[in-house]
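Positions are given from 1, in the same order as the sequence printed here.
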Amino acid sequence: MSSNYSEKQVGKNTRIGEFVTLSPAAKIGGQCHIFPHCYIESDVEICERVTVCAGARLCDGVRIENDVFIGPNVCFTNDRFPRSGANPSEGDCKTVVKQGASIGANSTLLPGITIGAQAMIGAGSVVTSSVPPGAVVVGNPATMVRYVDAIGDRNSSTLISEDKKTPAVNGVRWLDLTTIRDLRGQLTIAEWDQDLPYRPERVFFVHHVPNAKIRGGHAHRECQQILVALSGSAKVVVDDSCVRQEFSLNDSRNALLVPAGVWATQYEYSADCVLAVFASHGYDENDYIRDYDQFLEYKK
């Protein structure tokens, strides 16, 4: 630690390079490495073992958790509608980067978003919305392309390959729906208590989703869900806190059962995708777990 900073402001064994602007109220934990020419404003908190590479700008309202990597020239913003001489609005300011996330060089992050644990931001990305835990996003605006450690062959053209016949996430399984074929086409049937393991209390359809958007990103305490792509395709990632696995929904003859207590996220919707969801319970906001950290606590 440089002698120019107090131990209350900068933790033990933290190294700060030359020409770093560190506002007096900013807080940096131990074993961090702040490279030269960084700018860190007052209302910034950095936890333990964080690397901030040269030229990065951390503005007011940024919270960085343990073991985060911030690449060269990364820019955090704190005002969605900046005007000269005007202070940022209070609601815009807070941006959180969760434990173990990595942000590539020259990325720009809009204010008021959360970068999930272990997520990766590709170099040069413009991140305009929150990123799920473990997701990899790239581009301008940044869109999700995959998960860091999800099991599954993303290049498989069929969802009935051997690895996908046996999902690794506890309780998740494929349901093969009865399909009748003749010269007139195909008829797929979903009968309660026969093709489906329960009688749904609610059915809804997700469609016209822009490819850049991510849906789901939550778990249920009681509700089970069955997902089937009636047309088009989408990716779904399921996570039981121990194993994370990715599947392709691209065949209306096959449905994916997601039990209660499993975190599920859908992304990479095709333009013609219509995703049907058969829920075992009616809508109840109290049944949702929408924060991934709370989900991990729930699963302990």
Side-chain angles (χ1 to χ4, degrees), residues 44-47 49-53 56-80 91-152 154 206 209-219 234-241 243-247 262-269 288-297:
V44 173
E45 295 181 7
I46 299 174
C47 291
R49 300 176 300 278
V50 173
T51 297
V52 183
C53 293
R57 179 187 183 277
L58 281 66
C59 63
D60 285 336
V62 172
R63 304 290 184 265
I64 309 295
E65 295 189 357
N66 295 339
D67 304 300
V68 168
F69 173 85
I70 299 173
N73 300 311
V74 168
C75 180
F76 289 84
T77 64
N78 65 345
D79 194 346
R80 288 181 178 272
D92 276 345
C93 293
K94 303 300 180 185
T95 299
V96 179
V97 182
K98 295 285 189 176
Q99 182 167 345
S102 293
I103 303 174
N106 297 300
S107 295
T108 299
L109 287 79
L110 267 61
I113 63 176
T114 296
I115 308 301
Q118 306 299 323
M120 297 195 72
I121 312 301
S125 297
V126 178
V127 186
T128 60
S129 58
S130 293
V131 177
V136 180
V137 302
V138 299
N140 179 8
T143 59
M144 183 172 158
V145 295
R146 64 184 179 89
Y147 267 80
V148 172
D149 56 357
I151 301 169
R154 299 187 69 255
V206 182
V209 178
N211 182 266
K213 297 299 182 181
I214 301 167
R215 295 194 59 96
H218 58 253
K235 303 287 187 182
V236 57
V237 177
V238 289
D239 179 350
D240 62 5
S241 79
V243 178
R244 181 182 292 148
Q245 191 169 11
E246 179 180 279
F247 300 97
V262 171
W263 187 272
T265 304
Q266 301 91 46
Y267 74 106
E268 206 170 291
Y269 283 80
Y288 284 77
I289 306 172
R290 299 188 184 274
D291 182 90
Y292 191 74
D293 289 339
Q294 293 178 8
F295 169 71
L296 295 179
E297 287 296 321

Distance-only side-chain donor-acceptor flag, Y147 / D239, under 3.5 Å: no
For G122 against S107, the heavy-atom pair lying closest together: O-OG, 3.1 Å
Check against side chain to side chain contact (heavy atoms under 4.5 Å, CB included), V237 and F247: CA-CA 6 Å; V237 177; F247 300 97; over 6 Å; no
Steps toward side chain to side chain contact (heavy atoms under 4.5 Å, CB included) verdict (F295, S241): CA-CA 8 Å; F295 169 71; S241 79; 4.1 Å; yes
I113, I103, V127, V44 screened by side chain to side chain contact (heavy atoms under 4.5 Å, CB included) with F76, the one that passes: I103
Gap between atom CD1 of I70 and atom CZ of R57 - 0.5 Å precision: 13.0 Å
Main-chain N/O of G134 paired to Q118 side chain as donor or acceptor, under 3.5 Å: no
Whether T95 side chain and G112 backbone form a donor-acceptor pair below 3.5 Å: yes
Distance, nearest 0.5 Å, that separates OG1 of T51 from CG of D67: 9.0 Å
Approximate separation, where rounding is to 0.5 Å, of L58 CG and I46 CD1: 5.5 Å
V131 versus A119, closest heavy-atom pair with distance: CG1-CB, 3.8 Å
Evaluation steps, side chain to side chain contact (heavy atoms under 4.5 Å, CB included), between Q266 and K235: CA-CA 6 Å; Q266 301 91 46; K235 303 287 187 182; over 6 Å; no
Beyond-backbone contact of F69 with C53, side-chain heavy atoms, under 4.5 angstrom: yes
Over all atoms of both residues, closest heavy-atom pair of G116 and A101: O-CB, 3.7 Å
Distance in Å, T265 OG1 paired with I214 CD1, rounded so as to fall on 0.5 Å steps: 7.5 Å
With sequence neighbours excluded, residues passing side chain to side chain donor-acceptor pair (under 3.5 Å) with R215: none
Aromatic plane relationship, Y288 with H218 - under 30° parallel, 30 to 60° tilted, over 60° perpendicular: perpendicular
Backbone of A142 reached by a side-chain donor or acceptor of S125 within 3.5 Å: no
Partner residues of D291 under the salt bridge (charged side-chain N to carboxylate O under 4.0 Å, His left out) criterion, sequence neighbours left out: none
Nearest heavy-atom neighbours spanning P111 and T77: CD-OG1, 3.0 Å
Spatial distance of atom CD1 (I64) from atom CD (Q99) [nearest 0.5 Å]: 12.5 Å
Heavy-atom pair of closest approach, residues M144 and V137: CA-CG1, 3.8 Å
Separation of D60 CG from N78 CG (nearest 0.5 Å): 6.0 Å
Atom of V243, atom of D240 and distance for their closest heavy-atom approach: N-OD1, 2.7 Å
Over 12 foreign heavy atoms within 6.0 Å of CE, M120: no
Evaluation steps, side chain to side chain contact (heavy atoms under 4.5 Å, CB included), between I121 and I115: CA-CA 9 Å; I121 312 301; I115 308 301; 4.2 Å; yes
Pairwise side-chain contact, R80 with L110, heavy-atom cut-off 4.5 Å (strictly under): yes
Residues which pass side chain to side chain donor-acceptor pair (under 3.5 Å) with D293, listed by chain and number, not counting sequence neighbours: K98
